[in-house]
Participant: 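This is the structure I have questions about; it appears just below.
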Amino acid sequence: MITTEQIKELRDQTGVSVMQCKKALEEADGNMEKALIILKKKGADMASKRADREAHDGIVIVKSSGNKAALVVLNCETDFVARNDEFIALANNIADIALAKGKEGAEKEAVGMTNDLVLKIGENIKIGEIKIVEGSNLGVYVHSGKSGVITSLSGGDANLSRDIAMHIAAMKPEYLKREDVPENALAMATELFTKEVAGSDKPEEIKQKMLQGKIDTYFKEQTLLDQSFIKNPDITIAQLLKENGGATIETFVRYSLS
């Protein structure tokens, strides 16, 4: 006979519902270790069944230690779960593992942990992204748990790096510099703006200048070094770096759920 004490012990270890604990213990003939295995298997089975369900919500966690920073995106189906304490704790735990063991180590260990939480919560939960940045003068910034940024600078200091990370979170640049714009993106923008200026009654020479102006403005808004600094719109990010001893941005990563 399964006792309430056994059910309580299993529930304390797993956090799943009383009924799930009772069924697992009955299936395991009261053996606690077997019941734990049964629940883990049910968690994996449930995660597999829910894997095709859309999970566009979630949380972005960014953590740093020394010269390494990790950005982790944990996805779920609803904002209600995204605000769940256990869900947030799981995301933080995975970020800690990513810092200690790298992306592959975190992905490997996250499988069992996410399956366990799927069994408790009943939603599809999955790793969206894990990005690791190693470098000097790391800056990290998270906005409302929905977007996160890591920057690495050569020169400057940690405050400058964080300011730039905050700017990136707000302005969402796609590229570091104009030279990073791929040919296909340039071609698509050219096609789009060519159609816009085609209807103008201006001379062809003026149309070409209008076209180039539209292209330049469009990519200036998407290129970090050309953007106006959010804390001082009178200067660009490139000028900000110059004013701080000629610092340079080694790399940046950004992820936004919205």
Participant: For Thr236, is there any backbone N or O sitting under 3.5 Å from a side-chain donor or acceptor partner on Gln239?
Facilitator: yes
Participant: Hey, what do you get for CG (Asn244) to CG (Leu153), rounding to the nearest 0.5 Å?
Facilitator: 9.0 Å
Participant: So, does Glu123 use its side chain to make a donor-acceptor pair with the main chain of Thr78 at under 3.5 Å?
Facilitator: yes
Participant: Treating Ile, Leu, Val, Met, Phe, Trp and Tyr as nodes and any side-chain heavy-atom pair under 4.5 angstrom as an edge, say whether Ile97 and Leu71 lie in one connected cluster.
Facilitator: no
Participant: Which pair of non-hydrogen atoms, one from Val140 and one from Ala69, has the smallest distance, and what is that distance?
Facilitator: CG1-CB, 4.1 Å
Participant: Using a 3.5 Å distance criterion without hydrogens, assess whether the side chain of Asp180 forms a donor-acceptor pair with backbone atoms of Lys177.
Facilitator: yes
Participant: Looking at Ser161 and Gly139, would you say the former's side chain and the latter's main chain have a donor-acceptor pair under 3.5 Å?
Facilitator: yes
Participant: Counting C-beta onward and ignoring hydrogens, is there a side-chain heavy-atom pair between Thr114 and Lys126 closer than 4.5 Å?
Facilitator: no
Participant: Do you know the tightest heavy-atom contact between Val133 and Ser152?
Facilitator: CG1-CB, 4.2 Å
Participant: Of Asp116, Asn84, Val118, which meets side chain to side chain contact (heavy atoms under 4.5 Å, CB included) against Ile125?
Facilitator: Val118
Participant: Taking the side chain as everything from C-beta on, heavy atoms only, tell me whether Arg178 gets closer than 4.5 Å to Asp216.
Facilitator: yes
Participant: Could you check whether any side-chain heavy atom of Thr248 comes within less than 4.5 Å of a side-chain heavy atom of Ser154, counting everything from C-beta outward?
Facilitator: yes
Participant: Following the transitive rule for hydrophobic clusters with a side-chain heavy-atom cut-off under 4.5 Å over Ile, Leu, Val, Met, Phe, Trp and Tyr, establish whether Val149 and Leu225 coincide in one cluster.
Facilitator: yes
Participant: Are the side chain of Asp157 and the backbone of Leu160 linked by a donor-acceptor contact shorter than 3.5 Å?
Facilitator: yes
Participant: Could you tell me whether Lys63 and Asp96 make a salt bridge, using a distance below 4.0 angstrom between a side-chain N and a carboxylate O?
Facilitator: yes
Participant: Could you tell me which non-hydrogen atom of Asn67 sits nearest to which non-hydrogen atom of Leu138, and how far apart they are?
Facilitator: C-CD1, 3.3 Å
Participant: Between the main-chain N or O of Glu221 and the side-chain N or O of Gln227, is there a donor-acceptor pair closer than 3.5 Å?
Facilitator: yes
Participant: Keeping the roles fixed (side chain from His167, backbone from Phe229), state whether a donor-acceptor pair exists under 3.5 Å.
Facilitator: no
Participant: Is there a continuous path of hydrophobic side-chain contacts, each under 4.5 Å between heavy atoms, that joins Phe252 to Ile132?
Facilitator: no
Participant: Supply the atom-to-atom distance Ile235 CD1 to Ile237 CD1, rounded to the nearest 0.5 angstrom.
Facilitator: 7.5 Å
Participant: Roughly how far apart are Ile249 CD1 and Ile164 CD1, rounded to 0.5 Å?
Facilitator: 4.5 Å
Participant: Given Leu192 and Met188, is the side-chain contact (heavy atoms from CB on, under 4.5 Å) satisfied, shown in steps?
Facilitator: CA-CA 6 Å; Leu192 173 66; Met188 283 173 32; over 6 Å; no
Participant: Are Ile127 and Val60 connected into the same hydrophobic cluster when the rule is that any two of I, L, V, M, F, W, Y join if their side-chain heavy atoms are below 4.5 Å apart?
Facilitator: no
Participant: Which pair of non-hydrogen atoms, one from Phe87 and one from Leu117, has the smallest distance, and what is that distance?
Facilitator: CA-CD2, 3.7 Å
Participant: Using a 4.5 Å cut-off on heavy atoms from C-beta on, say whether the side chain of Tyr141 contacts that of Val62.
Facilitator: no
Participant: Within the distance-only criterion (no hydrogens, no angle test), does the side chain of Thr223 pair as donor or acceptor with the backbone N or O of Glu174 below 3.5 angstrom?
Facilitator: no
Participant: Taking all heavy atoms of Ala82 and all of Gly58, pick out the closest pair and write down the distance.
Facilitator: CB-O, 3.5 Å
Participant: Hydrophobic cluster membership, with links at side-chain heavy-atom distances under 4.5 Å among I/L/V/M/F/W/Y: are Ile59 and Leu99 in one?
Facilitator: no
Participant: If we ignore hydrogens and angles and just use 3.5 Å, is the side chain of Asn137 paired with the main-chain N or O of Gly155 as donor and acceptor?
Facilitator: yes
Participant: Below 4.5 Å, heavy atoms only, C-beta onward: do Met166 and Lys231 meet side chain to side chain?
Facilitator: yes
Participant: Heavy-atom count around Tyr218 OH within 6.0 Å, excluding the residue itself: above 12?
Facilitator: no
Participant: Going by heavy atoms in the side chains, are Leu74 and Ile88 under 4.5 Å from each other?
Facilitator: no
Participant: Is any side-chain heavy atom of Asp57 closer than 4.5 Å to a side-chain heavy atom of Lys146?
Facilitator: yes
Participant: Show your working on side-chain contact (heavy atoms from CB on, under 4.5 Å) between Ser256 and His143 and close with a plain yes or no.
Facilitator: CA-CA 9 Å; Ser256 178; His143 180 70; over 6 Å; no
Participant: Does the side-chain contact (heavy atoms from CB on, under 4.5 Å) test come out yes or no for Ile215 and Leu186, once each step is laid out?
Facilitator: CA-CA 8 Å; Ile215 293 171; Leu186 181 59; 4.0 Å; yes
Participant: Answer whether the closest heavy-atom distance between the side chains of Leu224 and Ile168 falls below 4.5 Å.
Facilitator: yes
Participant: Return the minimal non-hydrogen interatomic distance between His56 and Leu257, and the atom names on each side.
Facilitator: O-CD2, 3.9 Å
Participant: If you apply the rule side-chain contact (heavy atoms from CB on, under 4.5 Å), what do you find for Lys131 with Ile150, and how did you get there?
Facilitator: CA-CA 9 Å; Lys131 297 182 179 182; Ile150 304 171; 5.6 Å; no
